[in-house]
There are 2 protein chains.
Amino acid sequence: MNLKNQVEWALHCCAVLSNLPEGRYLSARSLSEFHGVPKEYLGKALQGLSKAGIVHTTLGPSGGYRLALPAGEITFLNVVEAVEGRKSTFQCSEIRANNPCRPGDFCDDKPCAIARVMWKADEAWRQTLAAVSLADLQQTLQQDLPAEILRRSTEWLLDRAG
Amino acid sequence: MNLKNQVEWALHCCAVLSNLPEGRYLSARSLSEFHGVPKEYLGKALQGLSKAGIVHTTLGPSGGYRLALPAGEITFLNVVEAVEGRKSTFQCSEIRANNPCRPGDFCDDKPCAIARVMWKADEAWRQTLAAVSLADLQQTLQQDLPAEILRRSTEWLLDRAG
DNA sequence: CAATCATGGACATGCCATATCCGGATCGGG
DNA sequence: CCCGATCCGGATATGGCATGTCCATGATTG
Ligand code: SF4
Ligand code: SF4
């Protein structure tokens, strides 16, 4: 699984949404302007989040997106899988079936040792992402970012939140 | 990082080479026939293993490939990185620089919280792969595969080893 | 010298991430 | 009740990259 830009964008959007006051919505237009990415394309990623139940949307003027759950209950893994799907990094093309020494009617009962190791690594990757929530991210960002930028960003966003 | 077929092929080739008797070589032609993949293309993956020092090669008739190290000292991670390179699954395109509220001369001193989480997950993935050696794989395969197939495969391979 | 082999570059092809556009449905405000 | 803003989904280009093929070169064996 090759993580595309959509994932980076989605994570940034969630970070922004997670410090929006309760009940306010932010439009795709504002989110795209804030991050400097094309609005139409960002919409695709947001649709993924919407279908996964991570964000809630409303239509019409002053519509947009907000988190559908408390920030503490949304993990990085949720966001990544909502945008990327759940394909594993390793895809087996069953080349063992080409072994000229195998009887043609032989049927493998389980995935081979190679695939099992690769999938175990994927599982470790997922567990790491599942251990971090948007609330954790928010807390880290508060410490990382200079207060000045944080203040001006919040102001900028509230100005556009419907 | 999206794992391509080359990785699957390389791992299978290493598995085969790791139960080849000491000092024998197996040509790319034989390896490609055994796995049912195009010879020229498989060669690319094997060249990666060669440049990484995982396999040793000789030219001329009866030439080919053998492991350059004991099977216990070659990990899955070594093979994967030899073929795929060491790019991480998550690539940051620095969209935080587009934030309209940031002063233009502001310079970030460290990667942001989002990237740090993603890279930590990559690290967990790598550690899992680094924990399994080709010797471990060989042992598992001996238990998994029916003895009949194992015997005929070994025979097939020794027949072609130079 | 002839056959076999690894190496590496050039090239064709097909798929997929990226990006754009538009029509439809829904809602808020006048 | 109408208008404009917004989300949603499908259709469609486009560029890059993985896949796959071909060939020239140099090295080795017999
Ligand atoms: S041995 Fe594993 S990786 Fe190879 S074809 Fe079988 S299941 Fe796939
Ligand atoms: S916040 Fe993280 S992921 Fe986003 S642009 Fe900055 S370093 Fe990249």
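So that the names make sense, note that chain A is the first sequence line, chain B the second, and so on, each numbered from 1.
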Using whole Å, what does the distance between atom [atom2] of nucleotide [N] and atom [atom1] of [X] come to?
X: N5(B); N: dT21(D); atom1: CG; atom2: C1'; result: 16 Å
X: H56(B); N: dA6(C); atom1: NE2; atom2: C1'; result: 12 Å
X: Q91(A); N: dC15(C); atom1: CD; atom2: C1'; result: 13 Å
X: I95(B); N: dA19(C); atom1: CD1; atom2: C1'; result: 16 Å
X: E8(B); N: dT19(D); atom1: CD; atom2: P; result: 11 Å

Next item on the list: Working to the nearest 0.5 Å, report the span between OH of Y25(A) and CG of L59(A).
Entry: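 Between atom OH of Y25(A) and atom CG of L59(A) there are 10.5 Å.
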
Margin query: Below 4.0 angstrom, which residues in residues 37-55 of chain A have at least one non-hydrogen atom near DNA chain C?
Written below: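 Within this stretch, P38(A), E40(A), Y41(A), K44(A) sit under 4.0 Å of the strand.
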
Next item on the list: Would you jot down, in residue-number order, the residues of residues 19-32 of chain B having a non-hydrogen atom under 4.0 Å from DNA chain C?
Entry: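 Per residue number, the list reads S27(B), A28(B), R29(B).
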
Notebook entry, point to check: From the list dA17(C), dT18(C), dC8(D), which nucleotide is the closest neighbour of the side chain of Y65(A)?
Noted result: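 Ranking dA17(C), dT18(C), dC8(D) by closest atom to the Y65(A) side chain puts dC8(D) first.
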
Note to self: Any side-chain to backbone donor/acceptor pair from N99(B) onto R96(B)? Under 3.5 Å, distance only.
What the structure shows: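 It does not hold such a pair.
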
Item checked: Donor-acceptor contact below 3.5 Å, side chain T154(A) vs main chain L150(A) ->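 Between the backbone of L150(A) and the side chain of T154(A) there is a qualifying donor-acceptor contact (under 3.5 Å).
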
Item checked: Pairs flagged by salt bridge (charged side-chain N to carboxylate O under 4.0 Å, His left out) wherever residues 28-39 of chain A is involved - sequence neighbours left out ->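 Sorted pair list comes back empty.
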
Check: Taking only residues two or more places apart in sequence, or in another chain, which ones meet E155(B) in a salt bridge (Lys or Arg N to Asp or Glu O under 4.0 Å)?
Finding: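 E155(B) satisfies salt bridge (Lys or Arg N to Asp or Glu O under 4.0 Å) with R151(B) once adjacent residues are dropped.
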
Item checked: Which residues share a salt bridge (Lys or Arg N to Asp or Glu O under 4.0 Å) with E40(B), sequence neighbours left out ->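 Partners of E40(B) by the salt bridge (Lys or Arg N to Asp or Glu O under 4.0 Å) criterion come out as none, since no residue qualifies.
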
Next item on the list: Identify whether Y41(A) and I95(B) are in the same connected component of the hydrophobic contact network (ILVMFWY, side-chain heavy atoms under 4.5 Å).
Entry: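 Yes; tracing contacts between hydrophobic side chains, which count when under 4.5 Å, links both residues.
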
Checklist line | Pair R126(A) + E123(A): basic N to acidic O under 4.0 Å | finding: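 So R126(A) pairs with E123(A) through a salt bridge.
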
Checklist line | Carboxylate-amine/guanidinium proximity below 4.0 Å for E22(B) and R24(B) | finding: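 A salt bridge is absent here (no side-chain N lies under 4.0 Å from a carboxylate O).
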
Checklist line | Cation over ring face, R152(B) and W156(B), 6.0 Å, 45° | finding: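 Ring-cation test returns no.
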
Next item on the list: With Y65(A) as reference, evaluate L49(A), V55(A), T58(A) under the side chain to side chain contact (heavy atoms under 4.5 Å, CB included) test and give the passing residue.
Entry: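 With Y65(A) as partner, side chain to side chain contact (heavy atoms under 4.5 Å, CB included) holds for just one option, V55(A).
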
Next item on the list: Can you check each nucleotide of nucleotides 23-30 of chain C against protein heavy atoms at under 4.0 Å and return B for base, S for sugar-phosphate only, - for none, in 5' to 3' order?
Entry: ---BBS--

